[in-house]
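In this chain, numbering begins with 1 at the start of the sequence shown. None of the values given here were measured: they were computed from a predicted structure.
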Amino acid sequence: MNENLPKLVFATQNPNKAAEISRLLEGCFVVNTLADLCHTEDIPETSDTFSGNAHLKASFVKNKFGTDCFADDSGLEVEALGGAPGVFSARFAGASKNDAANMQKLLDALGKETHRKAQFRTVICLMIGEETHFFEGIIHGHITRKAKGENGFGYDPVFIPEGYNKTFAEMAATEKSNISHRGIAIRKMVSFLRERSI
Ligand code: IMP
């Protein structure tokens, strides 16, 4: 029964991310979110690295609620832009976190540049008992010249993963999560937790 399973708090306000990870941890952990703890404010993400921000969010939850928890931070790194937008991916075109404006700013910044290699990266910070562990996922690809596809979010319509000829936004959710940075990092954490709970 679920009541007997250990609980893990996922420091996110995003119900889709929480549902995806709950499915992967089914039968092993019960995943609660900040909403389950009635915490509705954003947790500050002031670090200049993904691992720093993931650690800030997980530590916030651990200190405030004393529970085992994890947090993630992700973004897009474009080689020709020296790794930008990186940790500023959500706010690249301003504080309103507008996906369309972010994508347009990216396409404008690249202009006719032919070197369009990029990667998405996710880092998860897990705090369990007295231990802290990090899990990373990276997917390499390139930035298109025009947005294509209706699915997903963020920069999905302008990112084609290596070995594919369609954007993330042209993929079904499961096809994307089988190869995505987030999927890779999540599966690393899930195998770690499943091995520990045997
Ligand atoms: P988060 O840390 O997962 O919330 O991601 C921060 C920002 O990075 C998002 O708001 C998006 O702009 C971008 N991003 C992260 N993951 C993805 C993805 O899978 N597709 C498209 N954009 C993403």
Quick check: do [X] and [Y] have side-chain heavy atoms less than 4.5 Å from each other?
{"X": "Thr122", "Y": "Phe50", "value": "no"}
{"X": "Leu25", "Y": "Val190", "value": "yes"}
{"X": "Pro6", "Y": "Val30", "value": "no"}
{"X": "Ile184", "Y": "Ile138", "value": "no"}
{"X": "Leu106", "Y": "Val158", "value": "yes"}

Side chain to side chain donor-acceptor pair (under 3.5 Å) contacts touching residues 181-191 (sequence neighbours left out):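 Of all non-adjacent pairs touching residues 181-191, none passes side chain to side chain donor-acceptor pair (under 3.5 Å).
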From CA spacing to verdict: side-chain contact (heavy atoms from CB on, under 4.5 Å), His39, Lys64: CA-CA 10 Å; His39 181 92; Lys64 185 163 172 131; 4.0 Å; yes
Would you please name every residue forming a side chain to side chain donor-acceptor pair (under 3.5 Å) with [X], sequence neighbours left out?
{"X": "Ser177", "result": "none"}
{"X": "Asn32", "result": "none"}
{"X": "Thr67", "result": "none"}
{"X": "Lys17", "result": "Asp72"}

How would you list, by chain and number, every residue that makes a side-chain contact (heavy atoms from CB on, under 4.5 Å) with [X], sequence neighbours excluded?
{"X": "Pro161", "value": "Ile139, Phe159, Tyr164, Phe168, Met171, Ile179"}
{"X": "Asn151", "value": "none"}
{"X": "Ala90", "value": "Lys97"}

Nearest 0.5 Å, what's the [atom1]-[atom2] distance between [X] and [Y]?
{"X": "Ile186", "Y": "Ile21", "atom1": "CD1", "atom2": "CD1", "value": "4.0 Å"}
{"X": "Gln104", "Y": "Phe92", "atom1": "CD", "atom2": "CZ", "value": "11.5 Å"}
{"X": "Leu193", "Y": "Phe135", "atom1": "CG", "atom2": "CZ", "value": "6.5 Å"}
{"X": "Gln13", "Y": "Asp42", "atom1": "CD", "atom2": "CG", "value": "6.0 Å"}
{"X": "Ile143", "Y": "Lys117", "atom1": "CD1", "atom2": "NZ", "value": "13.0 Å"}

Aromatic ring pairing His55/Phe134, orientation class (parallel under 30°, perpendicular over 60°, tilted between):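 It falls in the tilted class, 30° to 60°.
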Qualifying salt bridge (charged side-chain N to carboxylate O under 4.0 Å, His left out) pairs, either residue in residues 144-173, two or more places apart: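 Checked against salt bridge (charged side-chain N to carboxylate O under 4.0 Å, His left out) - neighbours excluded - the pairs reaching residues 144-173 are Lys148-Glu170, Asp156-Lys176, Lys166-Glu175.
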[X] to [Y] - nearest heavy-atom pair and separation:
{"X": "Ser47", "Y": "Thr49", "answer": "OG-N, 3.1 Å"}
{"X": "Thr12", "Y": "Ala18", "answer": "CG2-CB, 4.4 Å"}
{"X": "Ala185", "Y": "Gly137", "answer": "CB-N, 3.7 Å"}
{"X": "Ala11", "Y": "Ala71", "answer": "CB-CB, 3.8 Å"}
{"X": "Cys69", "Y": "Lys62", "answer": "SG-N, 3.9 Å"}

Tabulate below the donor-acceptor pairs under 3.5 Å that side-chain atoms of residues 125-133 make, not counting sequence neighbours, or state none.
from: Glu131; atom 1: OE1; to: His133; atom 2: NE2; distance (Å): 2.7
from: Glu131; atom 1: OE1; to: Arg196; atom 2: NH1; distance (Å): 2.8

Within one Ile-Leu-Val-Met-Phe-Trp-Tyr cluster: Val31 and Ile124, side-chain cutoff 4.5 Å: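 Yes, Val31 and Ile124 fall within the same hydrophobic cluster.
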Val78 with Phe153, same ILVMFWY side-chain cluster at under 4.5 Å: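 Not linked; separate clusters.
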Test log, rule side-chain contact (heavy atoms from CB on, under 4.5 Å), inputs Leu110 and Leu81: CA-CA 8 Å; Leu110 280 176; Leu81 302 179; 4.2 Å; yes
Checking the side chain of [X] only, and the main-chain atoms of [Y] only, is there a donor and an acceptor separated by less than 3.5 Å?
{"X": "Asn102", "Y": "Ala93", "value": "yes"}
{"X": "Asn53", "Y": "Val87", "value": "no"}
{"X": "Arg91", "Y": "Ser96", "value": "no"}
{"X": "Tyr155", "Y": "Ser89", "value": "yes"}

Leu5 vs Phe29, side-chain contact (heavy atoms from CB on, under 4.5 Å): CA-CA, chis, key distance, verdict: CA-CA 5 Å; Leu5 293 175; Phe29 280 87; 5.9 Å; no
Other cluster members, Leu56 - Ile/Leu/Val/Met/Phe/Trp/Tyr, side-chain contacts below 4.5 Å: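 Its cluster mates, by chain and number: none.
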Cluster companions of Val61 among Ile, Leu, Val, Met, Phe, Trp, Tyr (side-chain spacing under 4.5 Å):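 Taking Ile, Leu, Val, Met, Phe, Trp and Tyr as members, Val61 shares its hydrophobic cluster with Val9, Leu34, Leu37, Ile43, Phe60, Phe65.
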Whether over 12 other heavy atoms sit under 6.0 Å from Asp108 CG: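 Yes, because the 6.0 Å sphere around CG of Asp108 holds more than 12 heavy atoms from other groups.
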Cationic N near anionic O, under 4.0 Å, Asp68 to Lys7: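 A salt bridge is absent here (no side-chain N lies under 4.0 Å from a carboxylate O).
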